[in-house]
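Beneath this line is the structure, given in structure tokens, with notes to follow.
Only this structure's heavy atoms are used, side chains among them; waters, hydrogens and symmetry mates stay out. Every chain is numbered from 1, with letters handed out A, B, ... down the list of sequences.
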4 protein chains.
Amino acid sequence: MQRNGQALLDAAAEVFARSGVGAPVREVAAAAGVGVATLYRHFPTRSDLVVAVYRHQIDGLAASGPALLASEPTPFTAVLRWVHEFVDFLGTKHGLARVWDGDAAGFTALHTLFVDRLVPVLADLLAAARGSGDVVAEVTPYQLLRAVGDLVAFAPGDPDHDARRMVTLLVTGLRQEQPLIRPA
Amino acid sequence: MQRNGQALLDAAAEVFARSGVGAPVREVAAAAGVGVATLYRHFPTRSDLVVAVYRHQIDGLAASGPALLASEPTPFTAVLRWVHEFVDFLGTKHGLARVWDGDAAGFTALHTLFVDRLVPVLADLLAAARGSGDVVAEVTPYQLLRAVGDLVAFAPGDPDHDARRMVTLLVTGLRQEQPLIRPA
Amino acid sequence: MQRNGQALLDAAAEVFARSGVGAPVREVAAAAGVGVATLYRHFPTRSDLVVAVYRHQIDGLAASGPALLASEPTPFTAVLRWVHEFVDFLGTKHGLARVWDGDAAGFTALHTLFVDRLVPVLADLLAAARGSGDVVAEVTPYQLLRAVGDLVAFAPGDPDHDARRMVTLLVTGLRQEQPLIRPA
Amino acid sequence: MQRNGQALLDAAAEVFARSGVGAPVREVAAAAGVGVATLYRHFPTRSDLVVAVYRHQIDGLAASGPALLASEPTPFTAVLRWVHEFVDFLGTKHGLARVWDGDAAGFTALHTLFVDRLVPVLADLLAAARGSGDVVAEVTPYQLLRAVGDLVAFAPGDPDHDARRMVTLLVTGLRQEQPLIRPA
DNA sequence: CATGAATGAGCATTCATTCAT
DNA sequence: CATGAATGAATGCTCATTCAT
């Protein structure tokens, strides 16, 4: 990860924020003041680049879980706060939601990263909150993580859409037994 | 609706389900066994085609709201059931979630249709459920509709993702006052 | 040339004036409130339609030659006036200049009509003006007619281009022996 | 001007001569033995390509004006010769006349080039010829340049059309006061 | 290691023309 | 005779990816 490597990461972060994670490769290379081939050398697939760009923040999120568990008054508020940190992270990334899309070429690695790094953290948080009796609904950490991700999808540009509120709603739902719904 | 009109609708429904609403025009035309120009004649813009494909089901959803209000034991379960009908509708459409994306060229019309036809229905359901004291959280019908849509996004292909459960969680959340979350 | 025939002619005249002689066939048919096939029945090629549209005015121009020869003070002013009548005719037709273009599919017939009807008229005018000693330059009627047509080409939209003045300049040049110019 | 730059210019010159300046992009690329994208890389818009193809010759024309003024016996013959050099240039380009057409997408740049580089040259020539009393007709350099261009339009393929002679006629007309022609 | 030129597949869209009804 | 639905070739343009220098 030499000089060009970092320049590419910075450029990619900026371009992804502006034009989405699916932005043209050349745009990123250009923004980094680097030839396309250099980009390909450092990050053979788009996935690699995306992961590299976000790894730091994801690490931060991972670290934040235990910290919140220690500092928050209850495990439930820890869950709530952590989930909102995840929202903060996703919120600035235009179109990052496609990560969950199986098809979406080039997001597999990020998907994996989410699962590897964040799911365990959320699992611990949820377990604790379940232990304290606050969370009763049956959900897997993966499901919740993904649901939050979906709620933030494409948020920018729609002033009527309040992702934060929706996520809170979702987490609040965890406190109750879920009614059974069967297709009529 | 001449000779190929229906064939095109069927083909589009099938292709959209498989490859997403953004599938190549030619693919749809081919699936219908028809020249591209024929498709263009019937549906000048992609939006027109998308709307035409889903209009029937959306009409059904719109009609279902009042019906559920009458038949369900409580307004809240009516909300719950209706929302799940919406999930049923979205669930089969790969990538229909992009509808909410402002950028996505060609989805404006569908977005409009959602807002025009479904938001009012959900508004009535929510109002009733609020009247009976079941729903207390502050959410606009538009926000809720969109949130549900987001939760179903890209569902297919990920067996671990249970959109139905997540949506129930969200709706359950409506029964509680929402805690205030401020960014640290 | 029944009812539809005339409707097509009127529509074509209007459309040609607006969008040029190369306007889409469907546009003409639509303007006439008629199916495309009907247009094709009446005018198998675009050329046929174009010719039919302008035949009347061309007949008028043809008739005008002898008339001017009789009414104008000198044969030369008759030439000048007639040529300007031709300019008036061409001036309103966007892109009619392509008539002279050999390639231009669909203009052969109009080209022929020009040659058949107008060249003889201009020939008579020029002969008379030559007889009176006013015209001395060597030019064939065909060359002059075409040159005038070229000068009017694409006139609309360029306020700095004064076709009328240029045509006058050209005709004025007829009064002098032409210097020999050889490529260096 | 990398590997294929010159090949593209040569190919374009050849294709433009054959099929006109509006020839399909792919055709030019193919003639150069090059992918379309390569062409687009070198010349983002058609205009750029057209300008590049003709810039050299236009520069030559621009330089030729003062030279002729110095070498020719009279300013008038300088005008005449220069205009014929312009004819030589245009003569080989099929359909270059469309340059004057405001509509014609992609010719703006060439039009601009003509106006910027050639109009001033012709202006000087005309001024000199006016100073020596040879040119008396009122014409702007732009009008004359364009008129010459129009006269050469589509010349190839019509053996009966002698652009050179017509242009001479036009220039000869400059020596006389123009009669007033008003529409009857 | 870095470059960026070259490639060509892929997609949307328009239009002249034919043909079954 | 009239209709207009259907056709598919043609064209401009973008972008991910490879490769010679």
For this session: Search all heavy atoms of A:F43 against all heavy atoms of A:A52 and return the closest pair with its distance.
Result: CE2-CB, 3.6 Å

How long is the line joining [atom1] of [X] and [atom2] of [N], in whole Å?
X	N	atom1	atom2	result
B:F43	F:dA5	CZ	P	13 Å
D:L49	F:dT11	CG	C1'	16 Å
B:Q6	F:dA6	CD	P	13 Å
D:L8	E:dT7	CG	P	9 Å
B:R41	F:dT7	CZ	P	10 Å
A:N4	E:dC1	CG	C1'	9 Å
B:D48	E:dT13	CG	P	11 Å

Sequence neighbours excluded, every pair satisfying salt bridge (charged side-chain N to carboxylate O under 4.0 Å, His left out) that has a member inside [range]:
range	value
residues 28-39 of chain D	none
residues 22-33 of chain C	C:R18-C:E27
residues 29-38 of chain C	none

For this session: Kindly say if B:T38 contacts the phosphate of F:dA5, meaning a side-chain N or O under 4.0 Å from OP1 or OP2.
Result: no

For this session: Using a cut-off of strictly less than 4.0 Å, decide whether A:H42 has a side-chain nitrogen or oxygen near OP1 or OP2 of E:dC1.
Result: no

For this session: Stems involving DNA chain E: give each as a range paired with a range, ordered by first number, where a stem means at least three consecutive Watson-Crick or G-U wobble pairs under 3.5 Å.
Result: E:2-21 with F:2-21

Exercise. Can you list the residues that meet the side chain to side chain contact (heavy atoms under 4.5 Å, CB included) rule with C:A13, with sequence neighbours excluded?
Worked result: C:V53

Exercise. Considering residues at least two apart in sequence or located in another chain, which fulfil the side chain to side chain contact (heavy atoms under 4.5 Å, CB included) criterion with D:R55?
Worked result: D:V51, D:D59, D:L113

Seminar exercise, completed: Residues at least two apart in sequence or cross-chain that pass side chain to side chain donor-acceptor pair (under 3.5 Å) with C:D116, listed by chain then number, are none

Listed pairs under 3.5 Å, donor-acceptor, residues 30-39 of chain B side chains, sequence neighbours left out:
none

Using atom names, set out every protein N or O paired with an N or O of nucleotides 17-19 of chain F below 3.5 Å, distance rounded to 0.1 Å.
unit_1, atom_1, unit_2, atom_2, d
F:dT17, OP2, A:Y40, OH, 3.3

Seminar exercise, completed: Among the nucleotides F:dA6, E:dG4, F:dC15, whichever has the atom closest to the side chain of A:P24 is F:dC15

Exercise. More 5' along DNA chain F: B:L39 or C:V34, using each one's nearest nucleotide?
Worked result: C:V34

For this session: Working to the nearest 0.5 Å, report the span between CG of D:D48 and OH of D:Y40.
Result: 11.5 Å

